[in-house]
Amino acid sequence: MKNKTKTKTILSGIQPSGRLHLGNYFGAIRQHLDFQWKGDAFYFIANYHSMTSLQDGKKLEKYTYDIALDYLALGMNPEKCTFFAQSDVPQVLELAWILGTLTPVSMMEKGVSYKDKVALGLQPNIGLFTYPVLQAADILIYHSDIVPVGADQKQNIEISRDLAARLNRIFGGEFLQIPDAYIVKSVATVPGIDGRKMSKSYNNTIDIFDSGKVLKKKVMSVVTNSTPLEEPKDPDSCHVYALIRLFASESKNAEIRQKYQAGGFGYGHAKKELLSLIDDYFAEARDRRETLSGDPDFVRDMLREGGKKARERAEVVMGPIREATGIIRSFSINS
Ligand code: ADP
Ligand code: TRP
């Protein structure tokens, strides 16, 4: 039963599958950071989910700590928000199994994300196939109220709602709370340097923590058409401008639009503007990341603390489910 007066639990997960890019930032991370002030926020690093596409232990471990650093550097406040690794809450796997026994195969077969990933060349393993069941367990184990996610995750949240209702119905109780999705008001899809959707899978990303020569090279290679420098240009069909408008203030935006339309402003000029906007925008985060990366204990301690809090919450939800499903437990989680 939802209690309207209780502080809302906000939950979201981030896969540690490599370096974060501008699409991730404007499509998801920025909203996660805003949401941490709006309730009891739980954010976790979905390292088990990453295993569906990354089977390299050293990389997965590195990416897990990297993403923690990235979030901290970008403004996540561990005092305000419980930040932890999925693998520090074993109850999630336990609930995922139970939910899996209630999940029709046909429900997974309709999974859009599964089909997309297989089409992109990922191995169709069982983990990838049942990815939404694990995601449902992630969400339901903390009695989450709101799940801020990108539009591409909507189907998975619907699956979570369906599975929560099934478990409650079959075992006769309000064991799980039905969560609401909050679909982040997506800025239009962020284009990559080749003009397609920016994505790791397309190798066309500009990464949040790219800097110096690497950043410059990427920005300079964003595709443009061949309108000569002196001619007026249409900002709305330009990938460089699509990126500029994410970073620029309203007045700066208006100024750059005007330059496009006036002519005498080449794509090289636009790219220089973009480069300096990106540099300014992430300057503070880069400095913070640099400082934090010199203190690995801080990150580890934060994840340990976050994991402890998340486990405590998960255990409260899991106890009655074990009882109702007849799953015996001959030890206490604390011994
Ligand atoms: P990738 O396509 O690089 O593998 P993910 O699928 O891991 O990225 O994306 C994680 C989050 O970032 C998702 O919530 C998604 O909505 C958002 N996101 C990723 N790429 C973009 C993009 N190009 N534009 C807007 N949002 C994006
Ligand atoms: N599937 C999400 C993504 O690819 C990551 C994720 C895993 C998640 N578990 C979650 C997001 C639970 C929200 C809630 O971005």
Side-chain angles (χ1 to χ4, degrees), residues 9-33 35 41-54 63-64 67 70-71 74 84-87 89 92-93 95-96 99 111-114 116-117 119-122 127-128 130-161 163-164 179-208 222 239 242-243 245-246 310 314:
T9 298
I10 296 155
L11 171 121
S12 202
I14 316 103
Q15 284 195 71
S17 16
R19 290 162 61 91
L20 295 168
H21 55 72
L22 303 183
N24 299 140
Y25 183 76
F26 288 103
I29 300 169
R30 198 173 53 167
Q31 288 81 356
H32 288 165
L33 297 175
F35 256 105
F42 279 68
Y43 290 141
F44 69 93
I45 307 174
N47 50 353
Y48 281 125
H49 276 113
S50 279
M51 277 197 78
T52 60
S53 56
L54 174 70
Y63 291 169
T64 302
I67 209 159
D70 293 343
Y71 262 70
L74 290 166
F84 58 100
Q86 184 183 35
S87 52
V89 188
V92 165
L93 293 181
L95 181 60
L99 294 175
V112 176
S113 167
Y114 173 73
D116 286 352
K117 287 176 180 169
L120 277 171
L122 284 190
L128 193 63
T130 59
Y131 181 117
V133 177
L134 181 56
Q135 181 159 351
D138 287 328
I139 295 170
L140 301 173
I141 198 89
Y142 309 108
H143 276 181
S144 310
D145 295 294
I146 302 170
V147 189
V149 282
D152 59 332
Q153 297 294 310
K154 193 162 181 244
Q155 189 185 34
N156 287 351
I157 312 299
E158 288 305 322
I159 292 173
S160 308
R161 292 167 57 88
L163 294 182
D180 286 324
Y182 174 89
I183 304 298
V184 297
K185 281 176 229 57
S186 179
V187 284
T189 302
V190 178
I193 54 183
D194 59 0
R196 291 189 291 172
K197 177 191 170 195
M198 187 176 288
S199 170
K200 283 185 294 290
S201 325
Y202 297 145
N203 221 348
N204 64 354
T205 64
I206 298 177
D207 297 335
I208 299 175
V222 176
H239 300 310
L243 292 168
R245 62 198 283 264
L246 297 169

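Nothing here was measured: the structure is a model prediction, and the numbers come from that model. Read the numbers this way: they start at 1 and go in the same order the structure lists the ligands and their atoms.
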Are any of the side-chain heavy atoms of L140 and L99 separated by less than 4.5 Å?
yes
Check whether any side-chain heavy atom of V92 lies under 4.5 Å from a side-chain heavy atom of Y142, and answer yes or no.
yes
Sub-4.0 Å heavy-atom approach of K197 to ligand 1
yes
Report yes if H21 has an N/O atom closer than 3.5 Å to an N/O atom of ligand 1; otherwise report no.
yes
Could you tell me whether some N/O pair between K200 and ligand 1 is separated by less than 3.5 angstrom?
yes
Flag side-chain contact, heavy atom, 4.5 Å: D180 against R161
yes
pair I14-D70: side-chain heavy atoms closer than 4.5 Å
no
So the atoms of ligand 1 within less than 4.0 Å of a heavy atom of M198 turn out to be 20 (N), 21 (C), 22 (C), 23 (N)
Listed partners of Y48 passing ring pair (Phe, Tyr, Trp, His ring centres under 6.0 Å), at least two apart
none
Would you say the side-chain atoms of T64 and N47 include a donor-acceptor pair closer than 3.5 Å?
no
Measure from atom 13 (C) of ligand 1 to every heavy atom in L22, D152, N203, T189 and give the option owning the shortest one.
D152
Any pair with a residue in residues 10-19 that passes salt bridge (Lys or Arg N to Asp or Glu O under 4.0 Å), sequence neighbours left out, goes on the list, sorted by first then second residue, please.
R19-D207, R19-D210
Less than 3.5 Å apart, N/O on ligand 2 and N/O on the protein: could you list those pairs with the distances?
unit_1   : atom_1 : unit_2 : atom_2 : d
ligand 2 : 1 (N)  : Y131   : OH     : 2.7
ligand 2 : 1 (N)  : Q135   : OE1    : 3.0
ligand 2 : 1 (N)  : Q153   : OE1    : 2.9
ligand 2 : 4 (O)  : Q15    : NE2    : 3.2
ligand 2 : 4 (O)  : Y131   : OH     : 3.3
ligand 2 : 9 (N)  : D138   : OD2    : 2.8

From G23, A28, S53 - option closest to atom 26 (N) of ligand 1 by heavy atom:
G23
Give the intermediate values and the outcome of side-chain contact (heavy atoms from CB on, under 4.5 Å) for residues I45 and Y71.
CA-CA 10 Å; I45 307 174; Y71 262 70; over 6 Å; no
With Y43 via ring pair (Phe, Tyr, Trp, His ring centres under 6.0 Å) - residues at least two apart:
H32
